[in-house]
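To start, the structure under review is shown below, and the notes come after it.
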Amino acid sequence: MSSVAVSEVDNPGKGQSVSNDFPTLFSPLRLSNGVTLPNRAMMGSMHTGLEGHSIPPWFQRFALGMKHPHVTSDLDAMAQYFQERAEGGVGLMVTGGIAPNYEGWTGPFAAKLNTEDEMNLHKVVTDAVHSIGSGENDKARICMQILHTGRYAYHPFAVSASNTKSPISPFKARALSESGIRSTIGDFVKCASLAQQAGYDGVEVMASEGYLLSQFLSPCTNLRDDKYGGSLENRARLPLEIVQNIRKECGDDFIIIFRLSLLDLVDGGLNWNECVQLAQWVEASGATIINTGIGWHESRIPTIATSVPRGAFVQPTLALKQTGLIGIPLVATNRINSPQVAEDILRRNASDLVSMARPFLADANFLLKAQEGRADEINTCIGCNQACLDHAFVGKTASCLVNPRAGQESSMQKPTSLPEDQRRTIGIVGAGPAGCAFAVTAAQRGHDVILYDQAAEIGGQFHMAKRIPGKEEFHETLRYFRTMLMKHGVDLRLSTTLTFEDMKQNAMVDKWIIATGVRPRALDIPGADHPKVLSYIDVLKHNAPVGGNVAIIGAGGIGFDVAEFLLHHDGQDKVADDVNPADFLEEWGVDPSNLTRGGLTEPRKTAAKRKLVLLQRKEGKLGANLGRTTGWIHRTVLAKSGVVEMLGGVTYEKVDENGHLHIINNKGQPQVLEVDNIIACAGQTVFNDLELRAKGTNLEKMVYAIGGAYQAGELDAKRAIDMGTRLAMEIHREEVIPGKHKFEAPTSAEEEIFHFLKKWA
């Protein structure tokens, strides 16, 4: 075992103030290079769009014209983003992936580091992070991830171990020659050296998730017959030579994190014995830390979405640690989003560190709050992907559904208190996501806030969402809002129906916020008033009894949610900690022991309670507009149940006297669906009666609609929370008047380039 790779793990609490609630999480960790990390939480890598780009200036002008005359290549926004996480207590952070050469780009002109000019841009990031912490033992550290996408590249220069094409990229990769491999090794080493010169404390070598180094390691993508293919020793040669040469170039003090896949979740992937051997070789080659990777991006197993139970993929890291063969720290990862889950993993010695990425998008002060005994104030990541990964796939800057300021730190200030003369008394009608987001932010700004809702508790339509199997995390957002409303002194008036006359008579309120949400759109066909016809609210909110054969009209997000509820809700509402990881793994056919190549096994089949028909008027794939990174999961869940028929391109004719649905199918043929119930999930309309009543009165210029009351559509909590938060930040300004009160994140140059290239591709 290399002396560079040996790590000393301190006893919990040694030389460090430790939270009584989470003592192991807040115990220090001494690495083999003498660096002491202040706690056991690592902020894992994720692409945010803040990593910069390698767009030549001439192309910027050609593609963007004068739309972005201010576009620069600086990384100031990235610096502020990481600085705020460092201030929140994160001791070790890893950036989003940076390519070592143009072949490794994620897409055209993506972030790259192989020149001194590019290196100099990164110094602002490392300076910002290193400004936090008063001594060596509490100093924040940051490593840069070196990511070569290989055949996952979204550009025609893609290379890989062999001439193969991934199912998630339109470009076939070219096999690297031996000279190309040597050049690639040199590019990785140069990238690491430049990162060191830029001030990074280390690098993470990405050899997981199906990227280039995974493609060399795995026999399913490495079809070579030279010294870089065939045996495990040969397949491992490229990544190990990269680690060895980085260590030689950068010295013993430099942190090298190696992201090793312990569960590929693809046919023909690595098996367990190979993973154990690789971990030993990686340590001997000079790595400081081994970070667990779970699943390739092309895998058809969910690994990070909200339906994945907390800590579901800890087992492989635990098994590797239990071998006793690895002497450097191991990192557990995936769906670790609460300090208690992190503490439990560390306390049972399943890993030495826990990696969390999206939880620090949701709350930069996650660790600070946990350490100070304020865990109930943590804005918990619900794993929805809607504003982070879904944004990344369309070139947008990553943000967070529950925290719109994430990724926007440089353009959206913290909600600090306003001067006394700018504070207002604000009444809010509706305590759903939009109303609560506005109320919390407005109160943080110093406004006097009164929040009304006719229900007995806050949350609005989140109360229905949290009942859907796989969306138990939504409970956490409601807990967060309840805590923060109380902390910031919001006058909460539940079980209160506010009329327009009440608003007129309340002379104390300076501005009114209408956050009353949406109404379900009624079916407009003969027989729609039949007692067997229900709305999604009847089912999800009022527990209306539903028969064994059901037609669901509308195949958007609500239709899919209702389908999952009818198939899998067992009559007992659950919170996130109630969900059993073992059940999830069995249902999806995951073998966490990884004894079979790739860790796949036969999924467990469960008897279905109902038969469903999911219908939509539009031609084409049902659920096409679901989340970019999660829609396939919802479609797969329904498809593998074996009891859901999906029909697109239908015309609804009538509901007959028996409650049966008459349609014209997509072949133009009449069809009768003899069902027990018909559930309408056919969209929503704005519920803005109070705003309409204000038109033409002296309240008109005081009334602002937000969320669903401003714009209906799918139950879009991302839009609602974003709009509420942004308006609360600006409502004190005189120029913010009804009709001119919607504020949005600025469009980045990267997003403009994405759409420009998509247009011409």
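Note that this is a predicted model, so its numbers are computed, not measured.
Looking at heavy atoms from C-beta onward, V282 lies out of side-chain contact with I326 at the 4.5 angstrom threshold. Side-chain contact check for L50 versus T95: every heavy-atom pair is 4.5 Å or farther apart. Side-chain contact between T48 and Y81 is present, with heavy atoms from C-beta onward closer than 4.5 Å. Here the side chains of I257 and V203 are not in contact, with every heavy-atom distance at 4.5 Å or above. With a 4.5 Å cut-off on side-chain heavy atoms, I289 and I328 do not count as touching. M356 has its side chain out of reach of N337: every pair of non-hydrogen atoms, C-beta onward, lies at least 4.5 Å apart. In this structure, the side chains of L29 and P329 come closer than 4.5 Å at one or more pairs of heavy atoms. No side-chain heavy atom of L238 sits less than 4.5 Å from a side-chain heavy atom of F188.
Side-chain atoms of S160 do not come within 3.5 Å of backbone N or O of G150 as any donor-acceptor pair. In terms of modelled atom types and a separation under 3.5 Å, the side chain of S193 and the main chain of V189 share no donor-acceptor contact. Listed for the D390 side chain is a donor-acceptor partner under 3.5 Å among the backbone atoms of T629. R30 places a side-chain N or O within 3.5 Å of a backbone atom of G34 that can act as its donor or acceptor partner. Side chain of T303 to main chain of G295: no donor-acceptor pair is present (N/O by atom type, distance under 3.5 Å, no hydrogens or angles). Formation of a donor-acceptor pair under 3.5 Å by the T149 side chain with backbone atoms of W105 is found in this model. A donor-acceptor pair under 3.5 Å is absent between the side-chain atoms of D264 and the main chain of V266, judged by distance alone. N222 contributes a side-chain N or O that, together with a main-chain N or O of F216, makes up a donor-acceptor pair within less than 3.5 Å. In this structure, E283 contributes its side chain and G327 its backbone to a donor-acceptor pair below 3.5 Å. A donor-acceptor contact shorter than 3.5 Å links the side chain of D578 to the backbone of V575.
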* To do: Before giving the answer on side chain to side chain contact (heavy atoms under 4.5 Å, CB included), spell out for F258 and M206 the whole-Å C-alpha distance, their side-chain angles and the decisive distance to 0.1 Å.
  => CA-CA 6 Å; F258 192 88; M206 179 49 133; over 6 Å; no
* To do: May I have the step-by-step check of side chain to side chain contact (heavy atoms under 4.5 Å, CB included) for M43 and F82, ending in yes or no?
  => CA-CA 10 Å; M43 181 175 172; F82 279 110; 4.1 Å; yes
* To do: Run the numbers on K471 and E564 for salt bridge (Lys or Arg N to Asp or Glu O under 4.0 Å), then give the verdict.
  => CA-CA 10 Å; K471 291 191 173 181; E564 292 194 36; over 6 Å; no
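Closest of all the heavy-atom pairs between P167 and R151 is CD-NH2, 4.2 Å. The minimum heavy-atom distance linking A312 with L585 is given by the pair O-CD1, 3.8 Å. Of all heavy-atom pairs spanning A236 and L278, the tightest one is CB-CD2, 3.5 Å. Across all non-hydrogen atoms, the minimal contact from G229 to R235 is CA-CG, 4.2 Å. Closest approach of N594 to R597, counting heavy atoms only: OD1-C, 4.5 Å. A pairwise comparison of heavy atoms in A111 and G97 identifies CB-O, 4.4 Å as the closest pair.
At most 12 heavy atoms of other shown residues, nucleotides or ligands fall within 6.0 angstrom of atom CG in D267. In Q340, the CD atom is crowded: over 12 heavy atoms of neighbouring residues, nucleotides or ligands sit closer than 6.0 Å.
Defined by atom type and a distance below 3.5 Å, a donor-acceptor pair is present between the side-chain atoms of E343 and T24. For the residue pair D201/H130, the side-chain donor-acceptor check at 3.5 Å is satisfied. A donor atom on one side chain and an acceptor atom on the other are found under 3.5 Å apart for R247 and T288. A donor atom on one side chain and an acceptor atom on the other are found under 3.5 Å apart for E298 and Y152.
To the nearest 0.5 Å, the span separating CG on D253 from CG on L31 amounts to 11.5 Å. How far CG of L113 is from CD1 of I146: 8.0 Å, rounded to the nearest 0.5 Å. Considering CG of L325 and CG of L320, their distance stands at 8.0 Å, rounded to 0.5 Å. Of the inter-residue distances, the one linking M93 atom CE with C143 atom SG reads 9.5 Å to the nearest 0.5 angstrom.
Looking at residues two or more places apart in sequence or on another chain, you find a side-chain hydrogen bond (donor to acceptor under 3.5 Å, both in side chains) between E204 and Q145, N291. Applying the salt bridge (charged side-chain N to carboxylate O under 4.0 Å, His left out) test to K190 and every residue at least two apart in sequence or in another chain returns nothing. Applying the ring-ring contact (aromatic ring centres under 6.0 Å, His included) criterion to W296, with sequence neighbours excluded, gives no partner residue. For K112, the salt bridge (charged side-chain N to carboxylate O under 4.0 Å, His left out) partners two or more places apart in sequence, or in a different chain, are E118. When the salt bridge (charged side-chain N to carboxylate O under 4.0 Å, His left out) test is applied to R310, the partners found at least two apart in sequence or on another chain are E473, E476, D577. Partners of F360 by ring-ring contact (aromatic ring centres under 6.0 Å, His included), not counting sequence neighbours, listed by chain and number: F366. Residues passing the side chain to side chain contact (heavy atoms under 4.5 Å, CB included) test with H47, sequence neighbours excluded: E51, A392. Applying the ring-ring contact (aromatic ring centres under 6.0 Å, His included) test to H391 and every residue at least two apart in sequence or in another chain returns nothing. Qualifying side chain to side chain contact (heavy atoms under 4.5 Å, CB included) partners for V579, counting only residues two or more places apart in sequence or in other chains: P309, E472. Considering only residues two or more places apart in sequence or on other chains, Y200 meets the ring-ring contact (aromatic ring centres under 6.0 Å, His included) condition with H122. Under the side chain to side chain contact (heavy atoms under 4.5 Å, CB included) criterion, T477 pairs with I382, V402, F462, F481, sequence neighbours left out. D187 meets the side-chain hydrogen bond (donor to acceptor under 3.5 Å, both in side chains) test with N101; sequence neighbours excluded.
For the side chain to side chain donor-acceptor pair (under 3.5 Å) test with R479, the passing option among T380, N379, D376 is T380; the others fail. Remark: of the listed residues R358, K369, R405, R85, K369 is the sole one forming a salt bridge (Lys or Arg N to Asp or Glu O under 4.0 Å) with D363. Screening L330, L25, L37 against L353 for a side-chain contact (heavy atoms from CB on, under 4.5 Å) leaves a single residue, L37.
Salt-bridge formation is not detected for the pair K640/E587: no Lys NZ or Arg NE/NH1/NH2 atom is positioned less than 4.0 Å from an Asp or Glu carboxylate oxygen.
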